[in-house]
Amino acid sequence: MTGNGRLDAREVRRDFPIFENNPGLVFLDSGASAQKPRQVIDAVAEFYRRDYANIHRGVYRLSARSTELYEAARETVRRFLNAPDAREIVFVRNATEAINLVAAAWGATFLRSGDEILITELEHHANIVPWQMLRDRLGCRLVVAPIDETGGLDLAALEARIGPRTRLIAVTHLANAIGTLVPVESIARLARKAGAKLLVDGSQAAPRLPVDVQAIGCDFYVFTGHKTYGPTGAGVLWARRELLESMPPYQTGGDMILEVTFEKTTFQEPPARFEAGTPDIAAVVGLARALEYIESLGRSAVLAHEEALTGYGVDRLSSMPGVRLVGAGQRRLAILSFEVEGIHPHDLATVLDRNGVAVRAGHHCAQPLMEKLGLAATTRASLGVYNDESDIDALGAAIRDAQRMFG
Amino acid sequence: MTGNGRLDAREVRRDFPIFENNPGLVFLDSGASAQKPRQVIDAVAEFYRRDYANIHRGVYRLSARSTELYEAARETVRRFLNAPDAREIVFVRNATEAINLVAAAWGATFLRSGDEILITELEHHANIVPWQMLRDRLGCRLVVAPIDETGGLDLAALEARIGPRTRLIAVTHLANAIGTLVPVESIARLARKAGAKLLVDGSQAAPRLPVDVQAIGCDFYVFTGHKTYGPTGAGVLWARRELLESMPPYQTGGDMILEVTFEKTTFQEPPARFEAGTPDIAAVVGLARALEYIESLGRSAVLAHEEALTGYGVDRLSSMPGVRLVGAGQRRLAILSFEVEGIHPHDLATVLDRNGVAVRAGHHCAQPLMEKLGLAATTRASLGVYNDESDIDALGAAIRDAQRMFG
Amino acid sequence: MDLRDLYQDIILDHGRHPRNFGKLEHPSHFAHGHNPLCGDKITVYLTVAGDRIEDVKFEGRGCAISTASSSLMTEVLKGKTIADANQLFRSFHAKVTGGAAPPLSEALEEDADRLDPLTGVKAYPVRVKCATLPWHAVQAALEEGAVGKTVKTE
Amino acid sequence: MDLRDLYQDIILDHGRHPRNFGKLEHPSHFAHGHNPLCGDKITVYLTVAGDRIEDVKFEGRGCAISTASSSLMTEVLKGKTIADANQLFRSFHAKVTGGAAPPLSEALEEDADRLDPLTGVKAYPVRVKCATLPWHAVQAALEEGAVGKTVKTE
Ligand SMILES: Cc1ncc(COP(=O)(O)O)c(C=O)c1O
Ligand SMILES: Cc1ncc(COP(=O)(O)O)c(C=O)c1O
């Protein structure tokens with residue numbers, strides 16, 4: 001950490017072997033997936049080298065050790081989210097699975113024809129399509145709260161769309177396509193008033209903001225480990241205990257049952273009820289290590305760092321002729337979506353890549369939002385703990401290079 | 001490989017760091033999960049260190065490389081199963097998820113009230129409970145083919161249970177609880193004759209037998225990577241292309257869509273249609289390396305090795321007073337389930353563990369089978385490529401130790 | 001860690017020859033205990049008069065640890081008040097899990113000491129459930145009366 | 001690998017000023033091409049008389065590569081027979097994917113050469129789809145006639 005409460009990204013970068021192995025790499029695609037610190041890579045490898053065995057059902061010490069590490073990860077996630085109880089943490093593959101699980105196990109059980117699910121125009125496909133499927137299956141309505149003209153969520157318009165049949169509000173905490181920070185605490189108050197449940201998609205927020213599910217006041221919170229510097233294969237569903245207890249299983253098989261006969265099966269309590277089969281033990285162990293890594297940097301330092309860098313990026317890109325930043329309302333974090341006049345995002349990304357700058361070009365799995373903004377695709381730079389001003393400068397220089405070529 | 005076409009387990013063991021880090025470990029629980037060779041551990045770590053980025057949607061080279069490795073793994077699995085087409089390989093978390101996917105996407109679409117699903121008494125919970133859930137949802141019938149008194153599958157009895165409403169036969173290739181090898185080729189012929197589809201649960205078979213889905217003649221084949229010396233988090237569903245094409249998506253979200261509007265979503269072709277969200281990229285890359293590792297040992301050498309060792313184990317345990325081996329029919333492979341008179345399996349496993357011998361004690365996620373056999377629990381030793389006669393001898397000695405203590 | 005710290009002679013003895021093994025014909029309270037990990041199932045029966053446990057028996061199959069724990073438990077619980085039983089459970093639970101032991105009335109100390117041979121399980125975390133299973137069943141029985149609840153240790 | 005091998009002047013020129021851009025009012029065949037990766041959508045229109053492509057146009061938005069490829073494609077396809085178009089597609093496809101090039105009639109060699117500036121994409125595997133999108137759309141159009149199928153490159 002540097003004097004002003006920010007990270008020393010040059011120092012941080014040393015923890016990430018990808019940079020050593022790809023000299024000159026300017027990685028600005030952490031919004032798609034973050035790189036992994038050696039602490040995480042090594043934790044996974046060492047786990048396999050020293051402690052690996054299948055969990056939960058083994059009497060022998062290796063299995064007990066493996067089980068302990070897996071269950072300790074639940075406590076780490078609990079602390080990371082400030083959840084009341086580690087038994088409220090369900091390990092899944094990714095945010096997509098977490099939302100599918102809620103749709104199938106909670107939604108299909110408690111929603112009825114005519115009930116309403118309220119989402120926003122800012123959502124990632126993962127927080128749209130599962131609700132559409134549920135709508136089509138149950139005859140629910142899918143109601144969409146709009147953004148305002150600045151790219152912020154229109155809270156008044158959202159409130160106006162809450163009605164007596166609103167049973168669930170599902171919103172992103174931080175919009176992956178354009179970087180809008182959503183006031184989830186205010187939405188939680190509205191949801192409570194309306195007697196609706198609130199699901200927050202924290203995929204982009206969890207790696208960047210100190211998250212406190214109790215302070216937010218939501219009912220479900222999901223995030224995806226590979227964006228929090230953890231391995232692929234581990235995501236998290238947090239839900240209030242009484243909700244989890246009221247939900248039937250999602251996938252079924254070993255490990256989540258109490259007793260099986262050919263006639264009838266009884267299921268375990270949560271969280272085991274929702275973790276059928278052999279889980280991704282190593283990814284969960286690695287995820288815990290990744291969250292500890294973020295904690296070791298300091299969560300407010302991470303936020304301060306990304307806020308400062310976001311500001312620098314906004315200034316830098318706004319000052320470039322021919323570059324138009326897509327608005328993100330009052331508070332933007334870590335994600336800069338932009339267009340460059342006369343250059344297709346796909347061509348731009350290719351030129352940037354040849355300059356060592358990795359960004360994303362496309363619809364960012366948020367086609368309805370792009371449609372609303374009248375864009376087919378944008379170029380998106382997104383930040384991680386290893387980025388600093390020099391990366392933004394490299395981005396600017398590479399854009400100029402593209403402008404020269406296509407100018 | 002030694003002269004007689006078998007493996008040199010002492011040599012093989014050097015590939016598995018767990019043994020170096022746990023001196024004296026006699027690991028006889030590969031049926032629950034196999035240990036990982038350093039080739040796999042290193043492949044995963046190196047992937048994160050050199051080539052990691054999210055796949056499919058990135059224009060930049062890192063993402064292209066990551067995507068290439070992921071898609072190359074599909075081809076490796078295709079070869080491993082001798083499937084006709086790599087696009088028939090769907091990556092899932094584990095065997096449990098593969099079966100749940102088939103039940104939800106194929107079963108719920110094509111089965112009707114009154115249709116019959118035929119399973120056997122040998123099945124793991126993962127190949128029972130999803131069909132029960134489907135039965136309860138659709139009003140199907142779940143028909144169970146029995147074992148004979150030797151622990152083998154009674155093929156005539158299975159044939160007798162096939163009727164005009166039999167739509168799916170779902171059988172294990174190798175029974176995890178007692179080691180029975182099932183004649184899946186014969187069952188495939190019966191299924192074809194009856195116009196039923198055949199799903200084979202290859203979780204225990206894939207790490208041990210050369211598998212050829214075309215020679216078997218099945219319609220679905222599933223296995224779980226962590227038992228094939230691969231990382232946790234990667235399992236495989238293979239299905240005939242026309243079946244996959246006829247199936248609606250299972251989970252929904254990013255990566256599996258073609259186009260999303262709030263009104264309507266269209267989906268990708270298989271296999272992408274069934275891989276929603278960011279997959280467990282690293283585990284898939286590691287799985288491919290694990291399958292290559294098995295291939296490098298030689299698949300017939302692996303089989304010969306485990307067959308010989310199974311024979312040795314059967315002889316050794318059968319000759320011990322007070323030890324009763326649970327029958328596995330005509331052909332047993334790699335799994336030895338047994339009881340020791342007067343010693344509860346749980347106590348036995350604890351004593352064995354203190355002698356360095358890791359085995360499983362319990363119902364092995366096959367409660368209906370245990371019920372049929374009149375057993376609450378057994379002790380199970382299961383083999384891997386790193387085991388040899390000395391491990392069986394250590395098991396025998398540890399059993400004698402327990403007998404002395406409890407005698 | 002010597003295995004004989006876990007399997008002390010008294011444990012092996014109670015495991016082989018459990019005391020108070022069998023059914024009470026007309027229990028005022030009973031409950032089933034189930035450890036899904038190993039398939040063990042026991043049932044505890046109690047006759048409670050006023051606030052006193054007049055009789056207690058158990059039956060079912062289990063490993064040496066759970067059988068010995070059931071057997072020793074029935075020995076110490078017979079004649080105790082429900083409040084005493086709760087105290088003994090808390091003290092036992094703390095000892096086998098390594099938690100902080102709550103203060104115990106002096107009168108119960110001797111009974112608590114009789115359970116000490118079971119504390120060897122502390123070093124075998126997966127086996128702790130075997131030792132606590134009968135106690136959880138008694139708790140469930142006292143809560144539910146003669147309804148027959150099932151508790152699980154997993 | 002120099003970027004200018006991909007973005008040669010002729011590509012940049014056709015990307016900025018595509019030829020045969022626009023709609024045919026009464027096409028005998030047309031189809032949409034869609035690259036979901038980048039959201040690009042183009043439509044190709046053909047007027048086929050007998051087995052000969054009398055006219056061909058395209059419209060839609062796309063990156064420089066797909067626009068230039070569409071533009072160059074329309075130039076070479078105009079006046080060709082369907083059999084020639086298929087030959088040219090196979091040859092082009094082989095060149096940009098690095099596959100084995102099928103033999104080409106001598107008469108078509110000059111046309112095939114005119115597409116060579118696009119072969120720079122071979123070094124950019126994710127961009128190959130951009131170059132082949134219009135060709136896939138033409139194939140779809142010729143199969144479907146004036147029905148308007150959509151092909152996807154992903
Ligand atoms: C025969 C069989 N089927 C299915 C499974 C389930 O595998 P997983 O837990 O990896 O889904 C197992 C292993 O536990 C098994 O042995
Ligand atoms: C806001 C948001 N939600 C959900 C997801 C889906 O995450 P995953 O693909 O890991 O399930 C993403 C990332 O792609 C995201 O940015």
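- Taking both residues in full, the closest heavy atoms of D:Arg16 and A:Gly407 are given as NH2-O, 3.3 Å, listed atom of the first, atom of the second, then distance.
- Taking D:Gly62, D:Gly15, D:Ser66 one by one and counting their heavy-atom pairs under 4.5 Å with chain A, the maximum is reached by D:Gly62.
- For the pair D:Cys63 and A:His346, the tightest heavy-atom approach, listed with the atom from each and the gap, is CB-CB, 4.0 Å.
- Between the CE atom in A:Met405 and the CG atom in D:Leu6 there is a gap of 8.0 Å [rounded to 0.5 Å].
- Around the CD atom of D:Glu54, the shell of radius 6.0 Å holds more than 12 heavy atoms that belong to other residues, nucleotides or ligands.
- Open room surrounds CD on A:Glu371; 12 or fewer heavy atoms of other groups in view lie less than 6.0 Å from it.
- The side-chain heavy atoms of D:Arg61 and A:His344, taken from C-beta on, include no pair separated by under 4.5 Å.
- Heavy-atom distances place both the backbone and the side chain of D:Ile65 under 4.5 Å from chain A.
- Ionic pairing of A:Arg354 and D:Asp2 is not present here: no N-O contact between side-chain nitrogen and carboxylate oxygen is shorter than 4.0 angstrom.
- More than 12 heavy-atom neighbours from other residues, nucleotides or ligands sit within 6.0 angstrom of NZ on A:Lys372.
- Chain D forms the most heavy-atom pairs under 4.5 Å with one residue out of A:Asp353, A:Ile343, A:Leu375, A:Thr350, and that residue is A:Thr350.
- Annotation: side chain of D:Arg127 is in contact with side chain of A:Asp347 (closest heavy-atom distance under 4.5 Å).
- Crowding of A:Glu20 atom CD: a count of heavy atoms from other residues, nucleotides or ligands under 6.0 Å not exceeding 12.
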